[in-house]
Amino acid sequence: MKSAKTLAVAGLLSATFAMPAAHAGATLDAVKAKGFVQCGVSTPFPGFANTNEKGEWSGLDVDVCRAVAAAVFGDATKVKYTPLTAKERFTALQSGEIDMLSRNSTWTLTRDSGMGMNFAGVNYYDGQGFMVTKKLGVDSAKKLDGASVCIQAGTTTELNLADYFRANNMKYEPITFEKSDETVKAFEAGRCDVLTSDQSQLYSLRILMSDPESAVVLPEVISKEPLGPVVRNGDDDWFKIVRWSLYAMIEAEDLGLDSTNIDEKIKGESPDIKRFAGAAEGDDKNLPLDKKWSYNVVKQVGNYSESFERNVGQGSPLKIARGLNALWKNGGLQYSPPFR
């Protein structure tokens, strides 16, 4: 006669191997029911989230929202955007007003562990810097003792700024605003000597000035700012969908796939490409999505390089170098876990 312990183990193993295929979580069910992804983005932030004269959204952060829609619906246009200030963004996510947040938000321990949120990855590696007017005659942040500094409320930049000035035995006068466009207007009007933010945002705000050439971004980078999409805790399926939609763009670049060549490349013999695009027989990536979800992301949104270059890179007004956002094999940090 089998012991109770043996029967219990057998029952556990039976239940484990009889587990059903991946199923949709509550967020995915709700998203499908309404027919679109509600995505929180920045208030005007050229290169990352901005609208044209037709009200159409574009940007590096916007492309993450579009990638999720392409994965879920096979249609990257099925997104509605909610522009949010830094102060509003996390409350909007926590309250359920949005399904995901893709808005230059820094991944920190406090935010990831104590605010009911999960960061799904990094779509832009950044760092905090300083912008000054050329007429100030300053070429280093170490020369900013006594400066007045424009800063956006509710961001990691406030603490970083205080730490940096304290560490370098310097004093400053903080001038705080709720919105990023308010900070650049104040800076341009001469209400402060310095504007501090993530360097990506400084370059973006600089092109909004009436005379961009009057300002310069100083060389110092004083913090690590890994920026990426965020979801609420408690729905692992949705978390994985957002995470792997971003990784699909990165992995596609690594595999040499883009929106123009993916149809031809999946006809080849590469098992990695076939597996990635869902073209391999019996392929099942264990996400509650159509097997062609990653193909749809690349075909409709593009790989990470395509998104980077058209939004913030050499094909954009910002002309930001890839730097840390290059692929791992090109000296950067962008890296996807294997699609296996």
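No donor-acceptor distance shorter than 3.5 angstrom exists from the side chain of Gln199 to the backbone of Gly127, with no hydrogens or angles considered. Put simply, the side chain of Ser204 never gets that close to the backbone of Ser200: no donor and acceptor are under 3.5 Å apart. The main-chain N or O of Gln128 is found under 3.5 Å from a side-chain atom of Ser223 such that the two form a donor-acceptor pair. With hydrogens and angles disregarded, a donor-acceptor distance shorter than 3.5 Å links the side chain of Asn303 to the backbone of Glu306. Without hydrogens or angle criteria, Lys274 side chain to Ile266 main chain gives a donor-acceptor distance under 3.5 Å. Judged purely by atom type and a 3.5 angstrom limit, Gln300 has no side-chain atom pairing as donor or acceptor with the backbone of Val297. When atom types are taken as modelled, the side chain of Asn261 and the backbone of Gly256 share a donor-acceptor pair closer than 3.5 angstrom. Proximity of a side-chain donor or acceptor of Asp198 to a complementary backbone N or O of Asp126 within less than 3.5 Å is not detected. Arg310 contributes no side-chain N or O that, together with a main-chain N or O of Ser316, makes up a donor-acceptor pair within less than 3.5 Å. Asn118 contributes no side-chain N or O that, together with a main-chain N or O of Val231, makes up a donor-acceptor pair within less than 3.5 Å.
Residues Tyr81 and Leu246 fall into different hydrophobic clusters, defined by Ile, Leu, Val, Met, Phe, Trp and Tyr side chains chained together at heavy-atom separations under 4.5 Å. No single ILVMFWY cluster, assembled from side-chain heavy atoms under 4.5 Å apart, contains both Leu195 and Ile175. Under the 4.5 Å side-chain heavy-atom criterion for Ile, Leu, Val, Met, Phe, Trp and Tyr, Tyr125 and Trp107 are members of the same hydrophobic cluster. Linking Ile, Leu, Val, Met, Phe, Trp and Tyr residues whenever their side-chain heavy atoms come within less than 4.5 Å places Val242 and Ile250 in a single cluster.
Looking at Asp254 and Lys329, a side-chain N of the basic residue comes within less than 4.0 Å of a carboxylate O on the acidic one, giving a salt bridge. Ion pairing between Lys265 and Asp258 fails under the 4.0 Å rule for side-chain N and carboxylate O. Salt-bridge formation is detected for the pair Asp263/Lys299: a Lys NZ or Arg NE/NH1/NH2 atom is positioned less than 4.0 Å from an Asp or Glu carboxylate oxygen. Between Glu213 and Arg206 there is a salt bridge, with a side-chain nitrogen of the basic residue lying less than 4.0 Å from a carboxylate oxygen of the acidic one. We find that Lys143 and Asp139 are joined by a salt bridge, their nearest charged nitrogen and carboxylate oxygen being less than 4.0 Å apart.
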Worked verdict on Val132 versus Val216 for side-chain contact (heavy atoms from CB on, under 4.5 Å): CA-CA 6 Å; Val132 298; Val216 60; 3.8 Å; yes

Derivation of the salt bridge (charged side-chain N to carboxylate O under 4.0 Å, His left out) call for Asp61 and Arg66: CA-CA 9 Å; Asp61 291 336; Arg66 297 176 62 235; over 6 Å; no

task: Applying side-chain contact (heavy atoms from CB on, under 4.5 Å), run through Met100 and Val64 and close with a yes or a no.
output: CA-CA 10 Å; Met100 60 178 287; Val64 178; 4.1 Å; yes

- prompt: Given Arg103 and Phe90, is the side-chain contact (heavy atoms from CB on, under 4.5 Å) satisfied, shown in steps?
  reply: CA-CA 10 Å; Arg103 184 206 178 283; Phe90 297 130; over 6 Å; no

field: Trace of the salt bridge (charged side-chain N to carboxylate O under 4.0 Å, His left out) decision for Arg322 with Glu253
entry: CA-CA 13 Å; Arg322 284 287 292 266; Glu253 181 184 0; 3.2 Å; yes

message: Walk me through whether Gln38 and Thr82 qualify under side-chain contact (heavy atoms from CB on, under 4.5 Å).
response: CA-CA 7 Å; Gln38 191 74 49; Thr82 302; 2.8 Å; yes

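Sequence neighbours left out, not one pair with a member in residues 41-55 passes salt bridge (Lys or Arg N to Asp or Glu O under 4.0 Å).
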Taking only distance into account, with no hydrogens and no angle test, what donor-acceptor pairs under 3.5 Å do side-chain atoms of residues 67-76 form with protein atoms, sequence neighbours excluded?
unit_1, atom_1, unit_2, atom_2, d
Asp75, OD1, Thr77, N, 3.0
Asp75, OD1, Thr77, OG1, 2.6
Asp75, OD2, Thr77, OG1, 3.4

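Of all heavy-atom pairs between Met117 and Val230, the closest is CB-CG1, 3.7 Å. Summarising the geometry of Ala26 relative to Asp235, their closest heavy-atom pair is N-OD2, 3.2 Å, with the distance given to 0.1 Å. The heavy-atom pair separating Val41 from Cys65 by the smallest distance is CG1-SG, 4.1 Å. For the residue pair Asp63 and Ser307, the shortest heavy atom distance occurs at OD2-OG, 2.6 Å. Residue Leu287 comes nearest to Lys240 through the heavy atom pair CD2-CB, 3.9 Å, listed as atom of the first residue, atom of the second, then distance. Closest approach of Asp237 and Gly25 over heavy atoms only: OD2-N, 3.2 Å.
Judged by the 6.0 Å distance and 45° axis criteria, Arg275 is not positioned over the aromatic ring of Phe339. With Phe36 as the aromatic partner, Lys80 meets the cation-pi criteria of under 6.0 angstrom to the ring centre and within 45 degrees of the ring axis.
Lys134 NZ: more than 12 foreign heavy atoms inside a 6.0 Å radius. The neighbour count for Lys319 NZ, taken as heavy atoms of other residues, nucleotides or ligands under 6.0 Å away, is above 12.
We find the CD-CG distance between Gln334 and Leu327 to be 7.5 Å, quoted to the nearest 0.5 Å. Here Ser102 contributes atom OG and Tyr124 contributes atom OH; the two are 14.0 Å apart, rounded to the nearest 0.5 Å. Atoms CG and CD, on Asp181 and Glu178 in that order, are 10.5 Å from each other to the nearest 0.5 Å. With rounding to the nearest 0.5 angstrom, the CD1 atom of Ile222 is 5.5 Å from the OG1 atom of Thr196. To the nearest 0.5 Å, atom CG of residue Leu289 and atom NZ of residue Lys292 are 14.0 Å apart. Atom NZ of Lys185 is separated from atom CG of Leu205 by 11.5 Å, given to the nearest 0.5 angstrom.
With contacts defined as side-chain heavy-atom distances shorter than 4.5 Å, the pair Ser42/Leu84 does not qualify. Taking the side chain as every heavy atom from C-beta outward, Ile273 and Leu257 approach each other to under 4.5 Å. A 4.5 Å side-chain heavy-atom check between Ile151 and Thr183 finds every atom pair outside the cut-off. Proximity of Phe187 to Asp193: side-chain heavy atoms (C-beta onward) are nowhere separated by under 4.5 Å.
Side-chain atoms of Ser105 and Arg89 form a donor-acceptor pair, as typed in the model, at a separation below 3.5 Å. Under the 3.5 Å distance criterion, with hydrogens and angles disregarded, no donor-acceptor pair is assigned to the side chains of Gln152 and Thr157.
Using a 30° and 60° split on the angle between ring planes, Tyr304 and Phe308 fall in the tilted class, from 30° to 60°. In this pair, Tyr164 and Phe130 present their aromatic rings tilted. The plane angle is within the 30 to 60° band.
Taking the ring pair (Phe, Tyr, Trp, His ring centres under 6.0 Å) definition, one finds that Tyr172 meets it with Phe165, sequence neighbours left out.
In summary, of the residues considered (Thr156, Thr108, Asn104), a side chain to side chain donor-acceptor pair (under 3.5 Å) with Glu225 occurs for Thr156 alone.
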